[in-house]
Amino acid sequence: MAYFNLVFLWAIFYGSHTFLANLDFKHWLRSKLGNAYKRYRLVYSLYSTVFFLFILIYGSSIEKTYLLATTDLTTYLGYMFAAFGTIVLVKSLKHFSLSTFAGIRAHDDLEEQPEFVRKGAHAYVRHPLYAGLLLIFLGFFFFDPILASLIHLICLIIYLPIGIYFEEKKLIQLYGKSYSEYKKEVPALFPTKFRA
């Protein structure tokens with residue numbers, strides 16, 4: 001039952017992540033909130049962070065069922081994947097204002113359209129945040145190879161095509177042909193080539 005609850009929590013988290021980022025929902029919400037909408041990103045960021053941490057804490061509270069023996073190799077792989085994923089996350093945020101991204105700086109993201117970023121990590125993959133998170137979850141599984149860690153990873157893998165589909169639908173609405181061309185040129189998660 002605990003593992004079912006864990007899957008259910010991830011389904012709610014990922015479903016709400018997609019719904020709350022939807023442009024139609026944001027336009028509707030702005031029509032209801034008026035000027036207060038400028039704080040939406042901050043509320044969304046706080047909600048997502050608290051919910052995300054709650055899921056991880058809940059997963060760690062479940063009685064551990066080991067799927068692999070913990071060895072120096074699995075620990076090393078865990079650190080390696082998690083460190084590389086963290087580097088990818090940090091590099092992917094390099095060209096964004098963190099205060100705007102997290103919502104600390106109040107703004108109307110429907111009026112102040114963010115810059116279309118194609119440089120840095122975004123030159124190699126369209127969704128480096130997702131790629132970094134995937135590596136971190138993979139590292140987490142190798143570091144602590146229990147069933148809960150595997151469920152975290154599998155739920156993310158299942159969500160990624162869905163999340164990418166809806167995010168790119170939104171990005172095409174925002175950036176039009178520019179994003180459509182970018183989508184044809186750059187892979188979603190795994191780089192196929194590196195520039196010198």
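Sequence positions, counted from 1, serve as the residue numbers for this chain.
- For an aromatic pair to be called close, the ring centres must be under 6.0 Å apart, and Tyr47 with Phe51 satisfies this.
- Nearest heavy atoms, Ile55 versus Leu9: CD1-O, 3.6 Å.
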Take Leu93 and Leu129 through the side-chain contact (heavy atoms from CB on, under 4.5 Å) test and state the conclusion after the steps. CA-CA 8 Å; Leu93 291 170; Leu129 286 174; 4.0 Å; yes
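- Taking CD1 of Ile157 as the reference point, atom CG of Leu150 lies at 8.0 Å (rounded to 0.5 Å).
- Contact record, Arg118 with Val186: NH2-CG2, 4.3 Å, taken as the closest heavy-atom pair.
- Atoms NZ and CZ, from Lys26 and Arg30 in turn, are 10.5 Å apart once rounded to the nearest 0.5 Å.
- Side-chain contact of Thr65 with Tyr3: a donor-acceptor pair under 3.5 Å is present, judged by distance alone.
- Considering only heavy atoms from C-beta on, Leu133 stays 4.5 Å or farther from Val88 through its side chain.
- Side-chain N or O atoms of Arg41 include none that pairs as donor or acceptor with a backbone N or O of Ala106 at under 3.5 Å.
- If you take OH on Tyr165 and CD1 on Ile162, they are separated by 11.5 Å, rounding to the nearest 0.5 Å.
- For Arg126 and Glu185, the salt-bridge test fails: no basic side-chain N is under 4.0 Å from an acidic carboxylate O.
- Tyr66 and Ile151 fall into different hydrophobic clusters, where Ile, Leu, Val, Met, Phe, Trp and Tyr residues are linked whenever their side-chain heavy atoms come under 4.5 Å apart, directly or through other members.
- Here the closest non-hydrogen pair linking Leu135 and Gly85 is CB-CA, 3.6 Å.
- Between Leu134 and Phe190, the closest side-chain pair of non-hydrogen atoms falls below 4.5 Å.
- Looking at every heavy atom in both residues, Ser149 comes nearest to Asp144 through OG-O, 2.8 Å.
- Here Tyr37 and Tyr40 bring their ring centres to under 6.0 angstrom of each other.
- In terms of modelled atom types and a separation under 3.5 Å, the side chain of Ser31 and the main chain of Trp28 share a donor-acceptor contact.
- When atom types are taken as modelled, the side chain of Ser48 and the backbone of Ser45 share no donor-acceptor pair closer than 3.5 angstrom.
- Across Pro128 and Ala121, no two heavy atoms sit closer than the pair CB-CB, 3.8 Å.
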Apply side-chain contact (heavy atoms from CB on, under 4.5 Å) to residues His127 and Glu168 and explain how you reach the verdict. CA-CA 10 Å; His127 302 280; Glu168 291 193 332; 2.8 Å; yes
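- With rounding to the nearest 0.5 angstrom, the NZ atom of Lys170 is 6.0 Å from the CG atom of Leu23.
- Ile104 and Leu20 are assigned to two separate hydrophobic clusters, defined by single-linkage of ILVMFWY side chains at heavy-atom distances under 4.5 Å.
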Check against side-chain contact (heavy atoms from CB on, under 4.5 Å), Thr18 and Glu167: CA-CA 8 Å; Thr18 298; Glu167 186 164 338; over 6 Å; no
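- Side chains of Thr75 and Phe142 form no contact here, defined as non-hydrogen atoms less than 4.5 Å apart.
- Between Leu77 atom CG and Leu138 atom CG the span is 8.5 Å, to the nearest 0.5 Å.
- Screening Phe116, Tyr130, Phe96 against His122 for a ring-ring contact (aromatic ring centres under 6.0 Å, His included) leaves a single residue, Phe96.
- Between His17 and Tyr44, the shortest heavy-atom distance links the atoms ND1-OH, 2.5 Å.
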Dump the intermediate steps for side-chain contact (heavy atoms from CB on, under 4.5 Å) on Asn22 and Phe166, then the final yes or no. CA-CA 8 Å; Asn22 180 279; Phe166 284 107; 5.6 Å; no
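- For OH of Tyr58, the number of neighbouring non-hydrogen atoms (other residues, nucleotides, ligands) closer than 6.0 Å is greater than 12.
- Under the 4.5 Å side-chain heavy-atom criterion for grouping Ile, Leu, Val, Met, Phe, Trp and Tyr, Ile146 is not connected to Tyr79 through any hydrophobic cluster.
- Taking 4.5 Å as the limit, every side-chain heavy atom of Ile154 sits out of range of all side-chain heavy atoms of Val7.
- Cluster membership check: Val43 does not share its hydrophobic cluster with Leu29, using side-chain heavy-atom separations under 4.5 Å among Ile, Leu, Val, Met, Phe, Trp and Tyr.
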Step-by-step ring-ring contact (aromatic ring centres under 6.0 Å, His included) determination, Trp10 to Phe52: CA-CA 9 Å; Trp10 277 122; Phe52 185 83; 5.7 Å; yes
Run the ring-ring contact (aromatic ring centres under 6.0 Å, His included) test on Tyr182 and Tyr179 for me, step by step, so that the C-alpha distance in whole Å, both residues' side-chain angles and the decisive distance to 0.1 Å come before the verdict. CA-CA 5 Å; Tyr182 173 66; Tyr179 193 85; 5.4 Å; yes
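- For CZ of Phe25, the number of neighbouring non-hydrogen atoms (other residues, nucleotides, ligands) closer than 6.0 Å is greater than 12.
- No continuous path of hydrophobic side-chain contacts links Ile87 to Phe140 [ILVMFWY only; heavy atoms under 4.5 Å].
- Distance check, rounded to the nearest 0.5 Å: NE2 of His152 to CG of Leu56 gives 5.0 Å.
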